[in-house]
Engineer: 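Dropping a structure here in structure tokens format, bear with me for questions.
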Amino acid sequence: MTSGMRLTWTLTGTGWADCTLEDHQAKAELTASYITSAPEELLTAVARLVAGETETRAQFEAEPTAYRWLFYREGVDSWTRVLELRHGSDHDNKGTEIWSRRLDIDQLARSVIRCFDEVARAYGESGYRGKWGEHFPRTELEALRRLWQAHHRSDDA
């Protein structure tokens, strides 16, 4: 398994964010616009994977480019693929893969939780809303955290 995945979410202007995904092998840089619920989609997709779904997805719109996250689960392992598409409505097979890694579910969930905890610390929830234009995804973050903690406890049992 690849370890040390790091995800960052940086607000770059009103309604825009840069998302960086990296580990010791590669780095991918994505852009997201507030026209879709990108952070909520990402948090929810990972939460659904932790809860046991075998395939989930999320999408960031960068007007007109889009970044599609595809998550697959087999047991305690996950495979994350990120595709860059010319248009958000394009089929997966029209995308260019810019990131692909196998991680255990724990590593994936922990990386996403850590990312949005850092966002909350860096901007505060009102600062986030002021820059992003929407509320901080507290509900989705806490739902993922609860599922991850329950998953983590069940692994220890």
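When a residue number appears, it is its place in the shown sequence, counting from 1.
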Engineer: Under a single-linkage definition using a 4.5 Å side-chain heavy-atom cutoff for Ile, Leu, Val, Met, Phe, Trp and Tyr, are Leu30 and Leu83 assigned to the same hydrophobic cluster?
Structural biologist: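 No: no chain of side-chain contacts under 4.5 Å links Leu30 to Leu83.
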Engineer: To the nearest 0.5 Å, what is the distance between CZ on Arg110 and SG on Cys115?
Structural biologist: 14.5 Å
Engineer: Return the CD1 to CD distance between Ile113 and Glu118, rounded to the nearest 0.5 Å.
Structural biologist: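 Between atom CD1 of Ile113 and atom CD of Glu118 there are 12.0 Å.
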Engineer: Test salt bridge (Lys or Arg N to Asp or Glu O under 4.0 Å) on Arg146 and Glu142; report intermediate values, then the result.
Structural biologist: CA-CA 6 Å; Arg146 282 189 303 277; Glu142 295 310 321; 5.2 Å; no
Engineer: Do Val112 and Leu11 belong together in a cluster built from hydrophobic side chains that touch within less than 4.5 Å?
Structural biologist: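 Yes, Val112 connects to Leu11 through the hydrophobic network.
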Engineer: Arg73 versus Glu55: any side-chain heavy-atom pair under 4.5 Å?
Structural biologist: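 Not in contact.
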Engineer: Taking all heavy atoms of Asp23 and all of Met5, pick out the closest pair and write down the distance.
Structural biologist: CB-CA, 4.2 Å
Engineer: Enumerate the side chain to side chain donor-acceptor pair (under 3.5 Å) contacts for residues 36-54, please, sequence neighbours excluded, ordered by first and then second residue.
Structural biologist: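 Sorted result for residues 36-54: Arg48-Glu53.
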Engineer: Assess whether a salt bridge exists between Glu29 and Lys27, defined as any Lys/Arg side-chain N lying under 4.0 Å from an Asp/Glu carboxylate O.
Structural biologist: yes
Engineer: Is the closest basic N to carboxylate O distance between Asp77 and Arg102 below 4.0 Å?
Structural biologist: no
Engineer: Going from CD on Glu134 to CZ on Arg129, what distance comes out if it is rounded to the nearest 0.5 angstrom?
Structural biologist: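 That separation rounds to 6.5 Å.
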Engineer: Group every Ile, Leu, Val, Met, Phe, Trp and Tyr by side-chain heavy-atom contacts under 4.5 Å, then state whether Tyr72 and Ile98 land in the same group.
Structural biologist: no
Engineer: What I want to check is whether the side chains of Trp79 and Ser100 have a donor and an acceptor closer together than 3.5 Å.
Structural biologist: yes
Engineer: Quick one: list whatever passes side-chain contact (heavy atoms from CB on, under 4.5 Å) with Ala47, sequence neighbours left out.
Structural biologist: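 So Ala47 forms a side-chain contact (heavy atoms from CB on, under 4.5 Å) with Leu144, Leu147.
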Engineer: Crowded around Arg86 CZ? As in, over 12 foreign heavy atoms under 6.0 Å?
Structural biologist: no
Engineer: Taking everything shown except Tyr123 itself, do over 12 heavy atoms lie less than 6.0 Å from its OH?
Structural biologist: yes
Engineer: Please report the interatomic distance CZ(Phe116) to CG(Leu141), rounded to the nearest 0.5 Å.
Structural biologist: 8.0 Å
Engineer: Got Cys19 and Thr31 here, is their nearest side-chain heavy-atom distance under 4.5 Å?
Structural biologist: no
Engineer: Less than 4.5 Å apart, side chain to side chain, heavy atoms only: is that true for Trp9 and Asp18?
Structural biologist: no
Engineer: Out of curiosity, Leu70 CG to Glu97 CD, how far, rounded to the nearest 0.5 Å?
Structural biologist: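 It comes to 9.0 Å.
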Engineer: For Arg81 and Arg101, run side-chain contact (heavy atoms from CB on, under 4.5 Å): C-alpha distance rounded to whole Å, both residues' side-chain angles, the deciding distance at 0.1 Å, then the answer.
Structural biologist: CA-CA 7 Å; Arg81 295 179 67 212; Arg101 292 292 176 272; over 6 Å; no
Engineer: Test: side chain to side chain donor-acceptor pair (under 3.5 Å). Region: residues 57-70. Which pairs qualify, not counting sequence neighbours?
Structural biologist: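 For residues 57-70: Ser33-Glu63, Arg57-Asp92, Gln59-Glu61, Gln59-Arg68, Arg68-Asp92.
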Engineer: Quick check against the 3.5 Å criterion: does His87 have a side-chain atom that pairs as donor or acceptor with the backbone of Ser89?
Structural biologist: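 No: the side chain of His87 does not pair with the backbone of Ser89.
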Engineer: Do Ile105 and Leu49 have side chains that approach each other closer than 4.5 Å (heavy atoms only, starting at C-beta)?
Structural biologist: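 Heavy-atom side-chain distance check passes, below 4.5 Å.
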Engineer: Are the side chains of Tyr128 and Pro39 in touch, meaning some heavy atoms are under 4.5 Å apart?
Structural biologist: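 Side chain of Tyr128 against side chain of Pro39, heavy atoms only: contact under 4.5 Å found.
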Engineer: When you group the ILVMFWY residues by side-chain heavy-atom contacts below 4.5 Å and let the links chain together, are Phe136 and Tyr34 in the same group?
Structural biologist: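 Same cluster.
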Engineer: Nearest 0.5 Å, what's the OG-CG distance between Ser78 and Leu103?
Structural biologist: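 Ser78 OG to Leu103 CG: 5.0 Å, rounded to 0.5 Å.
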Engineer: I need the minimum non-hydrogen distance between Leu7 and Ser111, along with the two atoms involved.
Structural biologist: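 Closest approach of Leu7 to Ser111, heavy atoms only: CB-O, 4.2 Å.
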Engineer: Are Val46 and Leu108 close enough, and set up right, to give a side-chain contact (heavy atoms from CB on, under 4.5 Å), and what steps lead you there?
Structural biologist: CA-CA 8 Å; Val46 173; Leu108 175 63; 4.2 Å; yes
Engineer: Decide yes or no for Leu42 and Phe60: does some side-chain heavy atom of the first lie under 4.5 Å from some side-chain heavy atom of the second?
Structural biologist: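 Side chain of Leu42 against side chain of Phe60, heavy atoms only: contact under 4.5 Å found.
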Engineer: Do Arg6 and Glu22 sit within salt-bridge range, that is, some charged N less than 4.0 Å from a carboxylate O?
Structural biologist: no
Engineer: Return the minimal non-hydrogen interatomic distance between Ala26 and Trp99, and the atom names on each side.
Structural biologist: O-CZ3, 3.2 Å
